[in-house]
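Note that the structure is a prediction, hence the values are computed from the model and not measured. All residue numbers in this chain count up from 1 along the given sequence.
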Amino acid sequence: MREQGRTRRLMGLGARTGGALLKTRLGGQADWRALGEALFEGLSELKGPAMKLAQIMSQWDDLLPPDLAEELARLQRQADPMPWPRIREALVLQYGDIDHYFSEIEERPFASASMGQVHRAITHEGETIVLKVQYPGLAEVLESDLIQVRRIMRLGRWFKVPQARLDALFDELAESLRGELDYYVEAAALARYRERYQDDPRLVIPEPLPAFSGQHVLAMRYVQGTPLRELADADDATRQGIAQTLADWITQELFTYGELHADPHAGNFAADAQGRLVIYDLGAVIAVPETRIKAMMQLLDATLKYDPMGMDEALMQMGGRQGQGAPLALYRESAECIAPLFAPGEQDFSDVRVHRRLRELTPKVWAAMDRLQPPADTLLLSRALNGHYWNLVRLGARLDMHERTRPLLEWAH
């Protein structure tokens with residue numbers, strides 16, 4: 001019965017979403033506030049893949065209709081935690097006798113997400129650790145949820161997104177979600193990243209604790225920090241330091257190690273008391289082949305040169321174009337929007353003029369979907385980079401992107 005209830009909610013959300021998209025496609029005014037409220041009411045309890053989709057959408061809040069963006073942000077901040085009795089079920093499944101391992105576990109989580117939530121615990125030796133607890137029964141309902149999410153995603157055909165692209169996006173989401181259920185993989189990623197960055201004094205990555213970890217629970221040493229989304233009131237030096245570290249880390253990940261943290265919502269990052277960047281969650285890390293990085297850098301190079309034909313050629317090579325007639329005017333507008341961030345000297349990521357132009361450009365991109373498509377093999381990479389960009393926006397980063405990208409563009413040619 002519980003599974004049937006989830007299915008009905010997801011189908012209802014699909015119907016409301018489809019109505020909003022259809023209104024917009026026909027030139028009407030969609031009630032984005034009502035849709036956002038429906039998403040909040042339905043997804044805050046459902047968890048799992050549907051909630052994950054909402055988190056993905058919320059990372060692009062400045063490009064969404066304002067009413068919808070506000071509700072998605074509220075969903076990110078205020079999603080209902082799983083009641084303690086259900087979480088205790090998962091802990092008993094993992095440990096058996098909980099009291100044998102811990103003297104205390106806080107029943108109220110201090111962080112919750114789409115696939116699990118985090119509780120502080122105290123060992124019998126007096127050490128405070130954190131337990132990332134997978135929502136009980138999530139593995140069993142994941143596949144049925146994904147079936148409903150696939151149905152919702154078919155609404156993308158209203159925007160002339162080919163079925164092959166929708167299938168690629170779904171496969172990417174499904175693979176990512178299934179991977180996030182494997183806490184052994186995340187524990188291995190934490191250990192790998194700790195070794196990789198052990199000599200970088202600007203980064204803190206929690207230590208996994210195998211003795212307390214397993215299939216349903218990931219235990220880590222407790223690292224206190226101020227979440228990135230709460231740094232708006234921090235002093236400028238702290239915010240700029242975190243922004244510099246975040247930008248350096250992303251660049252090194254891509255161009256040195258061929259990997260990227262692919263779940264960049266703000267709750268996964270924090271600043272500790274020493275102003276270091278804390279990376280809490282490594283449940284989604286993707287490999288990025290060198291050929292893919294070079295192709296994206298070639299697209300950026302053509303964009304910064306205001307070369308619409310070069311942009312079209314790069315997109316064609318990446319598989320991001322179809323049909324006849326390159327939207328050259330749209331390319332020019334895109335270059336005019338993006339290039340200022342890469343002008344020589346320090347650029348302000350919080351410049352609202354850039355966001356305004358991006359928002360104004362979005363309907364034109366949707367209108368050109370019969371010719372423009374996200375390349376199937378860069379969907380997750382593009383989403384992750386977008387999410388990291390908006391984190392830099394939230395920090396009010398001031399970065400010299402011209403100096404940062406110059407050697408990378410040379411490398412790509």
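Exactly one of Lys132, Gln134, Met82 qualifies for a side-chain contact (heavy atoms from CB on, under 4.5 Å) with Gln117. That residue is Met82. Evaluated for a side-chain contact (heavy atoms from CB on, under 4.5 Å) with Leu282, the options Asp263, Leu218, Ile205 yield exactly one hit, Ile205. With His261 as reference, Ile279 is the one residue of Leu246, Ile279, Ile250 to meet the side-chain contact (heavy atoms from CB on, under 4.5 Å) rule.
Aromatic ring orientation, Tyr222 versus Phe110: perpendicular (interplanar angle above 60°, classes split at 30° and 60°). Between Phe349 and Tyr389, the two ring planes are tilted [angle within 30° to 60°]. Note on ring orientation: taking the six-membered ring where Trp is involved, the planes of Trp84 and His119 are tilted (angle from 30° to 60°).
Salt-bridge check for Glu230 with Arg394: failed, with every basic side-chain N at 4.0 Å or more from each acidic carboxylate O.
Proximity of a side-chain donor or acceptor of Tyr95 to a complementary backbone N or O of Phe102 within less than 3.5 Å is not detected.
Rounding to the nearest 0.5 Å places CG of Asn268 at 9.0 Å from CZ of Arg229.
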Handout entry: Thr256 and Thr251: CA distance, side-chain angles, deciding distance, side chain to side chain contact (heavy atoms under 4.5 Å, CB included) verdict
Key = CA-CA 8 Å; Thr256 301; Thr251 303; over 6 Å; no
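By the 4.5 Å heavy-atom criterion applied to side chains, Gln215 and Tyr183 are not counted as neighbours.
No hydrogens or angles considered: nothing links the side chains of Glu89 and Tyr135 as a donor-acceptor pair under 3.5 Å.
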